[in-house]
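One structure below.
Positions are given from 1 along the sequence. These numbers were taken from a predicted model, which means no experiment stands behind them.
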Amino acid sequence: MDAPTQAALRQLLQDARTAALATLHRDEPAVSMVPYALLPDGRFIIHVSRLATHTQDLLSHPGASLLVTAAPGSADTPLALPRVSVQGQARVCPPDAPDYAAARTAYLARLPEAEELFGFGDFSLFLIEPQFLRYVAGFGRAHTLTAAQYAALLLDAT
């Protein structure tokens with residue numbers, strides 16, 4: 001993947017604030033929408049209610065996928081719409097976890113309107129650690145990244 005394509009992927013992840021979250025629900029795929037933020041190491045942060053089925057799904061089966069897409073008007077055709085799908089493992093990040101303060105800070109920096117939800121007892125932070133990503137930079141321009149390649153791409157940005 002060349003440097004401009006890497007920069008475009010980083011920009012997509014910085015600009016988008018929501019992702020489609022795919023979980024396994026009663027042995028069937030299910031998709032919902034979640035706001036997200038990123039830790040500097042590339043883990044995705046979501047803040048979800050235990051009342052939501054996707055949260056229960058993650059607790060019973062931590063495998064998850066995220067799909068982040070560019071704004072619909074950013075390409076001439078939906079076929080060329082930049083997007084990245086992330087396959088990963090989700091885990092709860094409780095308040096006493098070492099990553100909690102950094103995750104909460106990053107999430108609220110990106111989504112300050114969510115601050116009051118941290119006072120609700122049914123909401124929890126989850127961290128999704130990417131195992132691999134599939135980035136479609138446009139029609140006919142697809143790239144697969146391992147977790148190590150994704151981490152290196154993020155380090156190159158600093």
Side-chain angles (χ1 to χ4, degrees), residues 1 5-71 74 82-136 143-158:
M1 184 182 317
T5 304
Q6 291 177 3
L9 173 54
R10 285 191 296 269
Q11 194 65 52
L12 171 61
L13 292 171
Q14 289 172 4
D15 290 348
R17 295 183 348 143
T18 60
L21 170 66
T23 59
L24 190 60
H25 182 73
R26 298 181 183 158
D27 296 325
E28 297 291 335
V31 179
S32 55
M33 185 281 298
V34 291
Y36 76 90
L38 291 168
L39 282 170
D41 66 7
R43 286 177 292 168
F44 287 75
I45 309 159
I46 60 173
H47 189 233
V48 292
S49 170
R50 289 189 186 268
L51 302 175
T53 57
H54 55 247
T55 305
Q56 295 305 312
D57 297 342
L58 293 172
L59 290 170
S60 63
H61 186 276
S65 291
L66 295 167
L67 174 65
V68 177
T69 61
S74 64
R83 58 210 177 261
V84 61
S85 57
V86 180
Q87 183 77 30
Q89 292 290 308
R91 67 173 177 83
V92 178
C93 184
D96 61 345
D99 294 327
Y100 182 84
R104 185 180 193 278
T105 298
Y107 192 86
L108 289 175
R110 187 170 176 106
L111 300 148
E113 62 274 15
E115 185 164 11
E116 76 174 294
L117 297 177
F118 279 84
F120 293 10
D122 62 301
F123 273 79
S124 300
L125 284 176
F126 277 73
L127 301 180
I128 300 175
E129 185 168 348
Q131 295 173 316
F132 68 88
L133 296 84
R134 181 76 174 159
Y135 176 49
V136 179
H143 307 274
T144 299
L145 291 88
T146 65
Q149 290 168 323
Y150 172 59
L153 178 137
L154 295 174
L155 284 176
D156 288 346
T158 58

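Looking at heavy atoms from C-beta onward, Val84 lies out of side-chain contact with Leu145 at the 4.5 angstrom threshold. Between Arg17 and Pro35, every side-chain heavy-atom pair lies at or beyond the 4.5 Å cut-off. By the 4.5 Å heavy-atom criterion applied to side chains, Pro82 and Ser74 are counted as neighbours. Annotation: side chain of Leu154 is not in contact with side chain of Asp41 (no heavy-atom distance under 4.5 Å). A 4.5 Å side-chain heavy-atom check between Leu66 and Val34 finds at least one atom pair inside the cut-off. When side chains are defined from C-beta on, Ile128 does not count as touching Tyr36, because their heavy atoms never get closer than 4.5 Å. Contact of the Asp99 side chain with the Arg43 side chain is registered, since non-hydrogen atoms from C-beta on lie closer than 4.5 Å.
Here the CD-CD distance, from Gln11 to Gln6, works out to 14.0 Å after rounding to the nearest 0.5 Å. Taking CD1 of Ile46 as the start and NE2 of His54 as the end, the distance is 6.5 Å to the nearest 0.5 Å. To the nearest 0.5 Å, atom CZ of residue Phe118 and atom CG of residue Leu108 are 4.5 Å apart. Distance check, rounded to the nearest 0.5 Å: CZ of Arg50 to CZ of Phe123 gives 11.5 Å. Atom-to-atom distance recorded for Leu13:CG and Leu133:CG is 7.5 Å, nearest 0.5 angstrom. If you take CG on Leu111 and CG on Leu117, they are separated by 10.0 Å, rounding to the nearest 0.5 Å.
Glu129 CD: 12 or fewer foreign heavy atoms inside a 6.0 Å radius.
Counting only residues at least two apart or in different chains, ring-ring contact (aromatic ring centres under 6.0 Å, His included) contacts with residues 87-110 comprise His47-Tyr107. Pairs passing the ring-ring contact (aromatic ring centres under 6.0 Å, His included) check and including a residue from residues 9-32, sequence neighbours excluded, do not occur.
Between Tyr150 and Gly42 the shortest heavy-atom distance is OH-O, 3.0 Å. Contact record, Thr55 with Ser49: OG1-O, 2.6 Å, taken as the closest heavy-atom pair. Taking every heavy atom of both residues into account, Leu58 and Gly63 meet most closely at CD2-O, 4.5 Å. Of all non-hydrogen atoms in Ala103 and Ile45, the two that sit nearest each other are O-CD1, 3.6 Å. Listed here is the closest heavy atom pair of Phe126 and Val48: CD1-CG2, 3.7 Å. Heavy atoms only, all atoms of each residue included: Leu24 and Pro29 are closest at CD1-N, 4.3 Å.
Looking only at distances, no side-chain donor or acceptor of Arg83 sits under 3.5 Å from a matching main-chain atom of Leu67.
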